[in-house]
Amino acid sequence: MAEQKTISLAFTGASGAQYGLRTLEVLLKQGHRVYLMMSKPAQVVIGMDTDLKLPGRPKEIQRFFEARFGIDEGQLFVFDKEEWTAPVASGTGAADAMVICPCTAGTLGAIASGVSDNLIHRAADVALKERKPLLVVLRETPYSAIHLENMLKLTHAGATIMPSNPGFYTRPQSIDELVDFMVGKILDQLGLEHELTPRWGEDRLSPP
Ligand SMILES: Cc1cc2nc3c(=O)[nH]c(=O)nc-3n(C[C@H](O)[C@H](O)[C@H](O)COP(=O)(O)O)c2cc1C
């Protein structure tokens, strides 16, 4: 098995909860440790985008996912939005990388302006100051000038903006395949191996 990494994963209240949930599943199944954070709007959107019935409190959510993905205690930690004692609140406890998936325009703006009034914003601020990868899987369309400026600002600060727009050249036959296209892109950025989606040109490499 590949080296175990620690990844901070944040779900915010943008549509596309499937991308975040699948990212969580793949990271856990690969054996990585995940620090999960979830905004209140994210919990609302998960209820609208999926059939999942999540419990309300962070530790209950942790147990829910441990059971769902068949993982042992100690691999997944779910933190409350004001749990300032969580490792991700400080540079000394920063994860190897942070992924915000899906990311709202609101969270994008809060991070771009340096507001750290919830644990997701603070963990992102910490990732940037510690020069750790920060992947922002934004979901909004169309973009206003404010969104575009915030994306540029975060890019200059070291983040990677990767809007949730899967490609169709792999001829996806299902929503799951579209979701895996994006999750594969996230794993590529994290430097993690996967076979979630075919790679461009691979089928033309075989000898004649
Ligand atoms: C069903 C639903 C879907 C939403 N989809 C989006 C979205 O795709 N993008 C976005 O930026 N905000 C979206 N919002 C609005 C955000 O949830 C709202 O701005 C919220 O305050 C964001 O807070 P958060 O970033 O802390 O999660 C949606 C809200 C609901 C209820």
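Every value quoted in this text rests on a predicted model; they were computed, and no experiment measured them. Each ligand, and each atom within it, is numbered from 1 in the order the structure gives. These numbers come from the heavy atoms of this one structure, side chains and all, not from hydrogens, waters or symmetry mates.
Of the candidates Gly16, Ser164, Ala42, Ala105, Ala105 brings a heavy atom nearest to atom 11 (O) of ligand 1. The option from Gly13, Ala10, Cys103 that lies nearest to atom 15 (C) of ligand 1, judged by heavy atoms, is Gly13.
Atom 9 (N) of ligand 1 has its closest protein heavy atom at Arg139 O, 2.7 Å. Atom 2 (C) of ligand 1 has Val45 CG2, 3.6 Å as its closest protein atom, hydrogens excluded (heavy atom only).
In Pro41, the part holding a heavy atom less than 4.0 Å from any atom of ligand 1 is the side chain.
Close contacts between ligand 1 and Ser39 involve ligand atoms 24 (P), 26 (O), 27 (O) [criterion: under 4.0 Å to a heavy atom]. Residue contact check: Met48 has heavy atoms under 4.0 Å from atoms 1 (C) of ligand 1. Listed by atom number, the atoms of ligand 1 under 4.0 Å from Thr107 heavy atoms are 24 (P), 25 (O), 26 (O). Which parts of ligand 1 touch Thr12 is read off a 4.0 Å heavy-atom cut-off, strictly below it: atoms 25 (O), 27 (O). Of all the atoms in ligand 1, the ones that sit under 4.0 Å from a non-hydrogen atom of Ser15 are 5 (N), 6 (C), 7 (C), 8 (O). Every atom of ligand 1 is numbered from 1 in the order shown, and the set under 4.0 Å from a heavy atom of Glu140 is 9 (N), 10 (C), 11 (O).
Heavy atoms from other residues, nucleotides or ligands lying under 6.0 Å from NZ of Lys59 number more than 12. Dense packing is recorded around CG of Leu52, with more than 12 heavy atoms of other residues, nucleotides or ligands lying under 6.0 Å away.
Protein heavy atoms are absent from the space less than 4.0 angstrom from atom 18 (C) of ligand 1. Under the 4.0 Å distance rule, the nearest protein heavy atom to atom 25 (O) of ligand 1 falls inside the cut-off.
In this structure, Glu25 pairs ionically with Arg22, as a charged nitrogen and a carboxylate oxygen lie closer than 4.0 Å. The pair Glu149-Lys153 does not count as a salt bridge, with every side-chain nitrogen at least 4.0 angstrom from each carboxylate oxygen. Under the 4.0 Å criterion applied to side-chain N and carboxylate O atoms, Arg199 and Asp188 are assigned as salt-bridge partners.
At a 3.5 angstrom cut-off on N or O pairs, His121 does not count as close to ligand 1.
Ring pair Phe181/Tyr169: centre-to-centre distance below 6.0 Å.
Met38 places a side-chain heavy atom less than 4.5 Å from the side chain of Ile46. Side-chain contact between Val34 and Phe65 is absent, with no heavy atoms from C-beta onward closer than 4.5 Å.
Using a 4.5 Å cut-off between side-chain heavy atoms of Ile, Leu, Val, Met, Phe, Trp and Tyr, with links allowed through other members, Leu21 and Leu192 fall into the same hydrophobic cluster.
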